[in-house]
Amino acid sequence: MKARTIALLSDALARAVADGLLVTATYPLGATLATPRERSHGDLASNLALVLAKSEKKSPRDVAAILAARLPKPGGDIEQIEVAGPGFLNITLSSGFWYRQLAAFDVDPALGIKQADPGRRVQVEFVSANPTGPLTVGHGRNAVLGDSVARVLEAVGHAVEREYYFNNAGRQMKVLGASVEARYREARGRESAFPEDGYQGAYITEIGRQLAEKHGDELLEGVHSAFRDAAEVAIFADIRTTLDRLAIGFDQYFNEDTLYSSGAVEQTLKDLESLGLVERREGAVWLLGERVGLAKDRVLVKSSGEPAYRLPDIAYHRNKIARGYDEIVDVLGADHIDESREVRAALLALGHPADIVRPVIYQFVTLTRHGEQVKMSTRRAEYVTLDDLVEEVGVDAVRFFFLSRKSDTHLEFDLELAKKQSTDNPVYYVQYAHARISNLNARLKVEGVLPPEEGVSASDLSVLVEPEELELIKSLVAYPQIVAGAAAELEPHRVVFYLHELAATLHRFYNEHRLLGDEQAARLRARLVLLRVVQRVLRHGLGLLGVGAPERM
RNA sequence: GCGCCCGUGGCUCAAUUGGAUAGAGCAUCAGACUUCGGAUCUGAGGGUUGCUGGUUCGAGUCCAGCCGGGCGCACCA
């Protein structure tokens with residue numbers, strides 16, 4: 001419809017030029033045709049006259065009037081065209097158009113969502129927590145965000161691979177092993193030197209205790225990798241369990257270590273060096289900031305001879321690019337923004353198409369309870385893990401709440417609100433809309449009323465004349481654009497806001513119009529089609545968020 | 001000090017990426033059906049979008065400078 005309307009506007013412009021009233025022959029790039037947020041502004045609004053005003057040296061309203069006079073007379077899908085405000089052309093579509101849309105949605109498994117053609121191969125890398133401890137609430141936002149971005153991309157026809165990148169070799173893991181060893185010794189009643197910067201969580205004590213149980217005193221003598229290995233296995237199992245609960249899975253787990261064994265890290269360093277982007281000084285190897293567009297020089301290899309984290313990270317991204325993805329999404333906490341920039345700069349310097357790497361940055365999460373902030377300290381054992389959070393408020397609330405803010409803003413997670421089984425809680429509000437329709441269908445079925453078979457005609461739907469009904473139809477028809485926008489901008493929160501609004505529109509309709517006992521059979525049938533599509537959209541949207549759509553609550 | 005992100009009713013957040021009279025929810029107040037589950041709905045009050053300039057037909061959105069908050073500025077990952 002948009003394309004058709006633009007063609008009409010373009011025609012009107014050409015005719016105005018032919019009539020000698022306007023001089024701009026080509027349809028301007030800056031002109032948009034959008035759905036106004038204000039309902040009284042019609043269904044489509046063009047700013048064409050506003051954009052042309054300057055070059056035409058006429059007032060926007062005059063330009064709009066000239067164009068309006070050359071648009072086709074209302075009829076067919078267009079019911080009304082008017083000049084409004086500073087010079088907008090507001091177009092109202094006929095109800096017949098909307099009935100046809102609804103009828104089409106009813107038989108379209110894709111609910112109007114266009115499939116990208118050709119679809120792209122997209123990799124989404126997320127979570128990527130090293131196995132040093134249970135996932136935190138912060139990882140939770142990462143996990144849910146990454147998974148939902150992947151779902152949205154899949155919904156518009158891209159082939160998505162989910163990847164988890166981890167490092168089980170570095171200093172962190174050594175400290176982890178030493179921490180476990182100390183706990184093991186304690187469990188065997190021996191002296192132990194707990195590392196100064198060791199991991200203090202209770203889960204470490206537990207792993208140490210289990211090793212003591214299994215091996216007795218066997219591990220007291222000598223140097224063992226068993227501590228580190230046991231910790232890794234136990235912690236990874238724990239992480240996977242948590243992710244499973246959240247219905248999050250991965251296609252690949254990528255171990256940083258393979259970048260060393262394959263020589264990729266070394267090769268990356270060589271390549272940077274041969275491009276003259278590297279300098280050796282103070283015993284370390286530096287990436288020259290100026291040469292790659294960064295403010296400062298950055299260490300690639302420490303004076304100890306170990307690569308700093310960013311070198312393997314650059315190698316990792318080269319590896320990803322070499323795998324041929326059309327697009328690479330990195331879900332990162334705000335504290336990794338600079339790192340992401342450094343990698344990007346290095347990739348560009350190495351001649352890679354760094355633009356296909358798209359970081360999704362999220363800000364930190366705070367938990368509140370009764371308006372008070374819940375303290376989370378990783379150093380001490382008093383943090384709330386992601387698992388604790390899921391345990392307390394449930395999977396649906398965790399996922400919905402994490403997605404209900406634009407990722408790049410701080411997120412305040414209200415524990416009490418998330419647990420409430422009432423209208424205040426947006427998860428329940430949306431889920432209830434879905435369950436309500438199920439319940440209604442069940443009640444009607446008892447009365448012997450069943451929804452019509454699929455394939456009703458637009459004219460069958462023309463009994464839907466109430467404002468609440470047309471509002472629902474328009475809201476449904478907007479859904480594909482919401483999904484497309486969420487996919488293009490990697491912003492699942494748009495789906496959350498849309499669903500809340502759709503649910504509100506449904507509740508309004510539901511409250512105003514009673515279906516049970518309606519004697520007008522044709523109207524009842526049409527309404528059941530409408531509700532069927534509403535329910536499908538709710539279910540689909542919740543699916544993009546990974547949130548359940550219950551039949552009953 | 002430098003860089004990045006953010007400042008929107010009392011609170012938590014949106015705003016179709018530069019569009020029209022800045023919208024929701026919570027909270028407050030006032031109401032609705034002899035409940036297709038009231039886990040719902042209607043209405044009201046509440047705003048100089050941190051401040052000051054600038055860009056243009058038009059700014060919450062863009063540019064500059066301040067004020068305030070967060071993150072980063074390791075040879076930690």
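Chain A is the first sequence line, chain B the second, and so forth, proteins listed ahead of strands; every chain is numbered from 1. Just so you know, these numbers use all the heavy atoms, side chains as well, and skip hydrogens, waters and symmetry mates. Values in this document were obtained by computation on a predicted structure and should not be read as measured data.
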Problem set entry | Inter-nucleotide C1' distance (G10(B), C5(B)), Å rounded | 26 Å
Seminar exercise, completed: Rounded to whole Å, the NE2-C1' distance (H500(A) to A24(B)) equals 8 Å
For this session: Would you mind reading off the distance between K54(A) atom NZ and U55(B) atom P, rounded to a whole angstrom?
Result: 11 Å
Problem set entry | Aromatic contact, Y498(A) with Y479(A) (centres under 6.0 Å) | yes
Exercise. Can any side-chain N or O of S46(A) pair as donor or acceptor with the backbone N or O of L48(A) at less than 3.5 Å?
Worked result: yes
For this session: Would you indicate which nucleotide in A24(B), U17(B), A39(B) comes nearest to any side-chain atom of Y432(A)?
Result: A39(B)
Exercise. For atom P, what is the distance between U21(B) and U61(B), given to the nearest Å?
Worked result: 15 Å
For this session: Report the relative orientation of the aromatic rings in F509(A) and H513(A); use parallel for angles under 30°, tilted for 30 to 60°, perpendicular for over 60°.
Result: tilted
Exercise. Base, sugar-phosphate, or nothing for T35(A), non-hydrogen atoms under 4.0 angstrom?
Worked result: base
Please list each protein N or O that sits under 3.5 Å from an N or O in nucleotides 9-12 of chain B, with the distance.
residue : atom : partner : partner atom : Å
U12(B)  : O2'  : R405(A) : NH2          : 2.6

Exercise. Are the ring of Y510(A) and the base ring of C41(B) both nearer than 5.5 Å at their centres and tilted by less than 30°?
Worked result: no
Problem set entry | Closest non-hydrogen atom pair between A155(A) and I113(A), with its separation | O-CG2, 3.6 Å
Exercise. On RNA chain B, nearest-nucleotide positions of R37(A) versus P60(A): which is more 5'?
Worked result: R37(A)
For this session: Just call it for E491(A): base, sugar-phosphate, or nothing, with non-hydrogen atoms closer than 4.0 Å on any strand.
Result: base
For this session: Mind calculating the distance between CG (D414(A)) and C1' (C26(B)) to the nearest angstrom?
Result: 10 Å
For this session: Please evaluate the base of U17(B) for a donor-acceptor partner in the side chain of R494(A) within a cut-off of under 3.5 Å?
Result: yes
For this session: Whole angstrom is fine here: how far is it from CD1 in I361(A) over to P in C71(B)?
Result: 16 Å
Exercise. Do R281(A)'s NZ or CZ and the ring of W286(A) fall within the cation-pi criteria of under 6.0 Å and 45°?
Worked result: yes
Exercise. Which part of the nucleic acid, if any, lies within contact of Y428(A), taking any heavy atom under 4.0 Å across all strands shown: a base, the sugar-phosphate backbone alone, or nothing?
Worked result: base
Seminar exercise, completed: Rounded to whole Å, the CZ-C1' distance (R436(A) to C36(B)) equals 9 Å
Seminar exercise, completed: When D297(A), V292(A), V301(A) are each screened for side chain to side chain contact (heavy atoms under 4.5 Å, CB included) with L287(A), the one that passes is V292(A)
Exercise. Okay, side chain of H336(A), backbone of G333(A): is any donor-acceptor separation there less than 3.5 Å?
Worked result: no
Exercise. Is the backbone of L472(A) close enough, under 3.5 Å, to the side chain of S475(A) for a donor and an acceptor to pair up by distance?
Worked result: no
For this session: Send over the distance from N511(A) CG to A39(B) P, rounded to a whole Å.
Result: 12 Å
Seminar exercise, completed: Per atom distances to the A45(A) side chain, the nearest of G25(B), A20(B), C36(B) is A20(B)
Problem set entry | Length of the line joining L417(A):CG and C13(B):P, which is rounded to integer Å | 12 Å
For this session: For the pair S128(A) (side chain) and F126(A) (backbone), establish whether a donor and an acceptor sit closer than 3.5 Å, ignoring hydrogens and angles.
Result: yes
Under 3.5 Å, which protein N or O atoms sit close to an N or O of nucleotides 75-77 of chain B? Give each pair with its distance.
residue : atom : partner : partner atom : Å
C75(B)  : O2   : S303(A) : N            : 2.8
C75(B)  : O2   : S303(A) : OG           : 2.5
C75(B)  : N3   : S303(A) : OG           : 3.2
C75(B)  : N4   : E282(A) : O            : 3.1
C75(B)  : N4   : E282(A) : OE1          : 3.4
C76(B)  : OP2  : K302(A) : NZ           : 2.9
A77(B)  : OP1  : K302(A) : NZ           : 3.0
A77(B)  : OP2  : Y309(A) : N            : 3.3
A77(B)  : O3'  : N167(A) : ND2          : 3.0
A77(B)  : O2'  : N130(A) : ND2          : 3.1
A77(B)  : N6   : Y309(A) : OH           : 3.0

Exercise. Considering only side-chain heavy atoms of F497(A), which listed nucleotide, C4(B), C13(B), A20(B), is closest?
Worked result: C13(B)
Seminar exercise, completed: From the candidates A20(B), C36(B), C4(B), the one with an atom nearest any side-chain atom of L515(A) is C36(B)
Exercise. If you look at every strand shown and take non-hydrogen atoms under 4.0 Å, does E489(A) touch a base, only sugar-phosphate, or nothing?
Worked result: base
Exercise. Given the P atoms of A22(B) and A59(B), what is the spacing between them in whole Å?
Worked result: 12 Å
Problem set entry | E282(A) versus S303(A), side-chain donor and acceptor atoms under 3.5 Å | no
Exercise. Given U42(B), is OP1 or OP2 found less than 4.0 Å from the side-chain N or O atoms of R508(A)?
Worked result: yes
For this session: For N47(A) and for A435(A), find the nucleotide of RNA chain B with the closest heavy atom, then tell me which residue's nucleotide is more 5'.
Result: N47(A)
Exercise. Hey, does K420(A) reach any base, or is it just sugar-phosphate, or nothing, if we go heavy atoms under 4.0 Å?
Worked result: nothing
For this session: Determine the interplanar angle of the F402(A) and F413(A) rings, folded into 0 to 90°, and report it as parallel if under 30°, tilted if 30 to 60°, perpendicular if over 60°.
Result: perpendicular
For this session: Can you run through RNA chain B from 5' to 3' and write each base as (, ), [, ], | or . depending on how it pairs? Watson-Crick or G-U wobble, both distances under 3.5 Å.
Result: (((((.(..((((.....[...)))).(((((.......))))).....(((((..]....)))))).)))))....
Exercise. Across the strands shown, which category fits H434(A) at heavy-atom distances under 4.0 angstrom: base, sugar-phosphate, nothing?
Worked result: nothing
Exercise. When all nucleic acid strands are considered with a 4.0 Å heavy-atom cut-off, which category describes H507(A): base, sugar-phosphate, or nothing?
Worked result: sugar-phosphate
For this session: Scan A478(A) against the nucleic acid and name what it touches under 4.0 Å (heavy atoms): base, sugar-phosphate only, or nothing.
Result: nothing
Exercise. For atom C1', what is the distance between C6(B) and G69(B), given to the nearest Å?
Worked result: 8 Å
For this session: Establish, with yes or no, whether the OP1 or OP2 oxygen of G19(B) is under 4.0 angstrom from a side-chain nitrogen or oxygen of S46(A).
Result: no
Exercise. Considering only side-chain heavy atoms of K296(A), which listed nucleotide, C73(B), C5(B), C36(B), is closest?
Worked result: C73(B)
For this session: Tell me what D424(A) touches on the nucleic acid: a base, only sugar-phosphate, or nothing, going by heavy atoms under 4.0 Å.
Result: sugar-phosphate
Exercise. So, is K406(A) near the phosphate of A15(B), with a side-chain N or O under 4.0 Å from OP1 or OP2?
Worked result: yes
Problem set entry | Criterion side chain to side chain contact (heavy atoms under 4.5 Å, CB included) against V537(A), the qualifying member of L502(A), L506(A), L542(A) | L502(A)
Seminar exercise, completed: Atom CG of D338(A) and atom C1' of C71(B) are separated, to the nearest Å, by 9 Å
For this session: Describe the nucleic acid contact of A334(A) in one word from base, sugar-phosphate, nothing, applying a heavy-atom distance below 4.0 Å.
Result: sugar-phosphate
For this session: Could you give the distance separating U16(B) and G1(B) at their C1' atoms, to the nearest angstrom?
Result: 40 Å
Exercise. So, is U52(B) syn or anti if syn means the angle is within 90° of 0?
Worked result: anti
Exercise. If you look at every heavy atom in L464(A) and L530(A), which pair is closest and at what distance?
Worked result: CD1-CB, 4.3 Å
Problem set entry | Per-pair stack call F88(A) and A20(B), 5.5 Å, 30° | yes
Exercise. Distance-only, no hydrogens or angles: does the E82(A) side chain make a donor-acceptor pair with backbone N or O of L89(A) under 3.5 Å?
Worked result: no
For this session: Identify whether the distance between the nearest side-chain nitrogen and carboxylate oxygen of K419(A) and E392(A) falls below 4.0 Å.
Result: yes
